[in-house]
Amino acid sequence: GALSYAVARSLYPESVYSEWLTRRGERISHGTDENVLARLRVVEAYDRTPQTLRAEQPVEGVLETLQQNPQLTFPVLGPDGKLGGILSLDDVKRAMRENGAVAEGPIGAMARPVQDTLSPDDTLLAALRRLRAQDAVLLPVIEPTTGRMLGVIGRKEIFSAYERALP
């Protein structure tokens, strides 16, 4: 509880985003960071055009896409266009190691279930905390009423929105 927090703060006085700002030559207090992030919404920051994969695509057909794309994690969409899972290049490499060959079959069979999603109305502070809790590179942004995926958000999008919000 309080003791572990005190030890963590003495060992790591900077939060993830404070550390990022310090590296950029800015020194802003932890409380200010949180206030700004709590004021901003996912809708202001998320990537509306992420690279996605279709569940029915064959694995061998997307290896090149996965290797050449700077995006590290890919939403996998089912035939209905709904989010069916998440796939990373690491997932494919792991499957290839386990199978001892190029994995075969559809991408959908390799995709991991989605652990968490965000809505456009969630705060960026909540988004950052949930990314950290899931140890995720990005989280899908879902339209709450239709369940349709609108895009994705990761640390890069959060910090860009944070920077834009600073005076």
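These numbers come from the heavy atoms of this one structure, side chains and all, not from hydrogens, waters or symmetry mates.
Side-chain contact between V43 and D121 is absent, with no heavy atoms from C-beta onward closer than 4.5 Å. Side-chain contact check for D91 versus R112: some heavy-atom pair is nearer than 4.5 Å. A heavy-atom distance below 4.5 Å is found between the side chains of L53 and L87.
For A161 against L40, the heavy-atom pair with the smallest separation is O-CD1, 3.8 Å. Closest approach of R164 to E44, counting heavy atoms only: NH2-O, 3.2 Å. Summarising the geometry of A127 relative to I158, their closest heavy-atom pair is CB-CD1, 4.0 Å, with the distance given to 0.1 Å. For the residue pair L83 and P75, the shortest heavy atom distance occurs at CD1-CB, 3.7 Å. Taking both residues in full, the closest heavy atoms of A165 and V36 are given as CB-CG1, 4.0 Å, listed atom of the first, atom of the second, then distance.
For residues 136-153, the side chain to side chain donor-acceptor pair (under 3.5 Å) pairs, not counting sequence neighbours, are E143-T145.
With sequence neighbours left out, the salt bridge (Lys or Arg N to Asp or Glu O under 4.0 Å) criterion links D90 to no other residue.
Cation-pi contact between R48 and Y46: present, with separation from the ring centre below 6.0 Å and deviation from the ring axis of at most 45°.
Hydrophobic clustering (side-chain heavy atoms under 4.5 Å, transitive across Ile, Leu, Val, Met, Phe, Trp, Tyr) keeps M149 apart from F74. Hydrophobic cluster membership is shared by L118 and L131, with clusters built from Ile, Leu, Val, Met, Phe, Trp and Tyr side chains linked at under 4.5 angstrom. When hydrophobic clusters are built by joining Ile, Leu, Val, Met, Phe, Trp and Tyr residues whose side-chain heavy atoms come closer than 4.5 Å, directly or via intermediates, M110 is not grouped with I86. At a threshold of 4.5 Å between side-chain heavy atoms, the hydrophobic network of Ile, Leu, Val, Met, Phe, Trp and Tyr places L89 and V76 in one connected group.
Looking at D122, D47, L124 one by one, the single match for side-chain contact (heavy atoms from CB on, under 4.5 Å) with I153 turns out to be L124.
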Under 3.5 Å donor-acceptor pairs involving side-chain atoms of residues 134-142, not counting sequence neighbours:
none

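The backbone N or O of G78 sits nowhere less than 3.5 Å from a side-chain atom of R54 that would complete a donor-acceptor pair. Using a distance-only test at 3.5 Å, with no hydrogens or angles considered, a donor-acceptor pair links the side chain of Q71 to the main chain of Q51. N69 places no side-chain N or O within 3.5 Å of a backbone atom of L66 that could act as its donor or acceptor partner. Side chain of E163 to main chain of S160: no donor-acceptor pair is present (N/O by atom type, distance under 3.5 Å, no hydrogens or angles).
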- Message: Walk me through whether L77 and K82 qualify under side-chain contact (heavy atoms from CB on, under 4.5 Å).
- Response: CA-CA 5 Å; L77 305 178; K82 293 246 165 101; over 6 Å; no

- Let me see the working for T73 and S88 under side-chain contact (heavy atoms from CB on, under 4.5 Å), right down to the final yes or no. CA-CA 4 Å; T73 304; S88 71; 4.3 Å; yes

- Show the numbers, then the answer: is there a side-chain contact (heavy atoms from CB on, under 4.5 Å) between V42 and T123? CA-CA 6 Å; V42 167; T123 69; over 6 Å; no

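Between the CZ atom of R155 and the OH atom of Y162 there is a distance of 16.0 Å, given to the nearest 0.5 Å.
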